[in-house]
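Please read the structure below before turning to the comments.
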There are 2 protein chains.
Amino acid sequence: MLSRKTKYAINALVYLARYEDEQPISVSRIAEDRHIPLKFLEAILTELKNARILKSKKGKYGGYSLNGRPEEIDLAQVVRLFDGAIALLPCVTHDYYEPCEECVDEETCGIRQVALEIRNATVARLKGATLASILERERKMRE
Amino acid sequence: MLSRKTKYAINALVYLARYEDEQPISVSRIAEDRHIPLKFLEAILTELKNARILKSKKGKYGGYSLNGRPEEIDLAQVVRLFDGAIALLPCVTHDYYEPCEECVDEETCGIRQVALEIRNATVARLKGATLASILERERKMRE
DNA sequence: ATTAATCCCATAGAATAGGTAGGAATAAAA
DNA sequence: TTTTATTCCTACCTATTCTATGGGATTAAT
């Protein structure tokens with residue numbers, strides 16, 4: 001399951017994409033509109049900024065903006081940032097690779113194969129889930 | 001990522017399937033062979049027994065046995081038992097269903113669709129990963 | 001009786017999740 | 001130049017979950 005942090009992050013990003021032309025948007029506006037604890041969201045947006053997914057503008061009338069087009073920002077990036085590896089096992093991740101401590105022989109590990117297939121399928125879908133595509137889906141469903 | 005508990009459980013189950021004709025097998029044997037902390041494994045096998053995935057025989061020469069054929073026991077059952085829901089969001093699980101607190105409109109939620117597709121694909125693969133199929137994969141790979 | 005198991009209950013340290021508090025720095029507007 | 005609205009920074013806090021460990025009661029085969 002995704003952590004609250006990740007879900008809040010996704011919600012905030014979708015919000016920013018939706019009101020793209022009103023950027024920069026303040027943390028407090030997003031927090032109120034999406035019912036996210038203010039200070040918690042502040043920390044989340046800071047992380048997104050450090051990861052260069054968002055950019056910020058300080059001072060009055062400042063706030064956060066997407067650092068890139070909604071087509072370029074996808075859920076794989078966000079999930080990895082907050083929840084770490086997407087895979088079920090450390091030995092099938094690309095970014096966070098580590099052997100399984102208890103794995104006697106990685107080459108012939110039957111669980112590993114399954115985990116690898118699941119990872120590949122999941123990553124592909126998360127990468128396909130860009131902010132743009134999420135907004136598009138929502139638009140279609142509202143009809 | 002799967003918890004250690006789940007990984008230990010899977011390892012123990014594969015071990016039992018592999019030495020099916022030597023059942024019942026004691027906790028201490030599995031713990032030593034697979035390098036799992038004894039008392040921790042004891043608790044894990046108790047849970048598997050309560051879930052009727054294993055059965056036990058007390059006293060000398062006792063131990064644990066699979067409660068069913070290796071074709072009938074799959075990773076979806078095990079993962080659900082120890083790590084809970086497989087889905088990324090509570091609103092797309094079957095067993096543990098809960099709405100997302102912050103979700104304004106579940107019907108038109110764009111993230112939900114993605115999460116649902118991922119869940120379906122993942123569950124299908126985990127259900128396909130029976131103990132029998134895992135052993136079969138390992139056999140093939142050793143060639 | 002002895003031995004080798006499971007069963008049962010309680011405890012505990014470490015890490016993580018989720019959230020809070022207060023104030024400094026910055027920048028636009030009045 | 002003061003006010004106002006914002007991000008930035010640092011520190012803290014609590015509850016829960018994860019990963020175990022310890023001791024002894026019960027059961028059953030030899």
Side-chain angles (χ1 to χ4, degrees), chain A residues 1-12 16 22-32 34-67 79 81-85 90 96 100-102, chain B residues 1-12 16 22-67 79 81-85 88 90 96 100-102:
Chain A
M1 299 270 272
L2 298 180
S3 65
R4 258 186 157 74
K5 212 167 178 176
T6 302
K7 288 193 273 178
Y8 288 153
I10 295 172
N11 271 285
L16 283 162
E22 300 174 25
Q23 290 173 329
I25 296 176
S26 73
V27 180
S28 53
R29 172 175 161 189
I30 303 174
E32 279 170 29
R34 311 267 19 191
H35 304 105
I36 303 172
L38 177 67
K39 293 298 264 181
F40 197 27
L41 182 58
E42 206 180 291
I44 291 167
L45 297 192
T46 299
E47 279 195 73
L48 285 167
K49 192 204 67 175
N50 292 338
R52 303 183 189 279
I53 293 170
L54 292 182
K55 58 190 173 192
S56 68
K57 186 165 181 293
K58 293 185 204 168
K60 195 167 181 180
Y61 295 101
Y64 288 90
S65 317
L66 296 178
N67 189 27
V79 172
L81 180 62
F82 293 105
D83 283 351
Y96 299 81
C100 288
E101 331 76 42
E102 59 273 331
Chain B
M1 299 271 270
L2 298 181
S3 65
R4 257 189 159 74
K5 211 167 178 177
T6 302
K7 288 193 273 177
Y8 288 154
I10 295 172
N11 271 286
L16 282 162
E22 300 174 25
Q23 294 178 137
I25 296 176
S26 73
V27 179
S28 53
R29 172 174 161 191
I30 303 174
E32 280 170 30
D33 268 32
R34 310 268 19 192
H35 305 104
I36 302 172
L38 177 66
K39 292 297 263 181
F40 198 27
L41 183 58
E42 205 180 293
I44 291 167
L45 297 192
T46 299
E47 279 194 72
L48 285 167
K49 193 203 68 176
N50 291 338
R52 304 185 187 281
I53 292 170
L54 292 182
K55 59 189 174 190
S56 68
K57 186 166 181 294
K58 293 183 204 170
K60 196 168 181 179
Y61 296 103
Y64 287 90
S65 317
L66 297 178
N67 189 27
V79 171
L81 180 61
F82 292 106
D83 283 351
L88 296 177
Y96 299 81
C100 288
E101 332 76 41
E102 59 274 332

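So that the names make sense, note that chain A is the first sequence line, chain B the second, and so on, each numbered from 1.
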(request) Hey, which sits more toward the 5' end of DNA chain D by its nearest nucleotide, A/Leu45 or B/Glu42? (result) A/Leu45
(message) By nearest heavy atom, map A/Gly62 and B/Asp83 onto DNA chain D; which one lands nearer the 5' end?
(response) A/Gly62
(request) Would you state whether a donor and an acceptor, one from the side chain of B/Lys39 and one from the base of D/dG23, lie under 3.5 Å apart? (result)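 By the distance-only test, yes, there is a pair.
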(request) Look at the side chain of A/Lys5 and the base of C/dG19, then say whether one donor and one acceptor between them are separated by less than 3.5 Å. (result)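 By the distance-only test, no, there is no pair.
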Please check the phosphate of [N] (OP1 and OP2 only) for any side-chain N or O of [X] closer than 4.0 Å.
X: B/Lys49; N: C/dC7; result: yes
X: A/Arg4; N: C/dG19; result: yes
X: A/Ser56; N: D/dC8; result: yes
X: A/Tyr8; N: C/dG18; result: no

(message) I want to confirm an ordering. Mapping B/Tyr64 and A/Pro37 to their closest nucleotides on DNA chain C, which one lands closer to the 5' end?
(response)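 Result of the comparison: B/Tyr64.
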(message) What is the distance, to the nearest angstrom, from the CD1 atom on A/Ile25 to the C1' atom on D/dT7?
(response) 15 Å
(message) Without decimals, in angstroms, what is the distance between A/Asn50 CG and D/dT7 C1'?
(response) 12 Å
(message) Quick check for you: among D/dT19, C/dC7, C/dA5, whose closest atom lies nearest to any side-chain atom of B/Ser26?
(response)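 Between D/dT19, C/dC7, C/dA5, the one nearest the side chain of B/Ser26 would be C/dA5.
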(request) Ignoring hydrogens and angles, tell me if any N or O in the side chain of A/Asn67 forms a donor-acceptor pair with the backbone of A/Lys49 under 3.5 Å. (result) no
May I ask you to test the [X]-[Y] pair for a side-chain heavy-atom distance under 4.5 Å?
X: A/Leu2; Y: A/Tyr8; answer: no
X: B/Pro24; Y: B/Tyr64; answer: no
X: B/Arg4; Y: B/Pro37; answer: no

(request) Kindly determine whether A/Ile30 and A/Leu45 satisfy side chain to side chain contact (heavy atoms under 4.5 Å, CB included), including the steps that lead there. (result) CA-CA 11 Å; A/Ile30 303 174; A/Leu45 297 192; 4.3 Å; yes
(request) Summarise how protein sits on nucleotides 25-30 of chain D as a single string, 5' to 3': B when a protein heavy atom is under 4.0 Å from the base, S for sugar-phosphate-only contact, - for no contact. (result) --BBBS
(message) Set out, in order, the CA-CA distance, both residues' side-chain angles and the distance that settles side chain to side chain contact (heavy atoms under 4.5 Å, CB included) for A/Leu66 and A/Leu54, then state yes or no.
(response) CA-CA 5 Å; A/Leu66 296 178; A/Leu54 292 182; 3.8 Å; yes
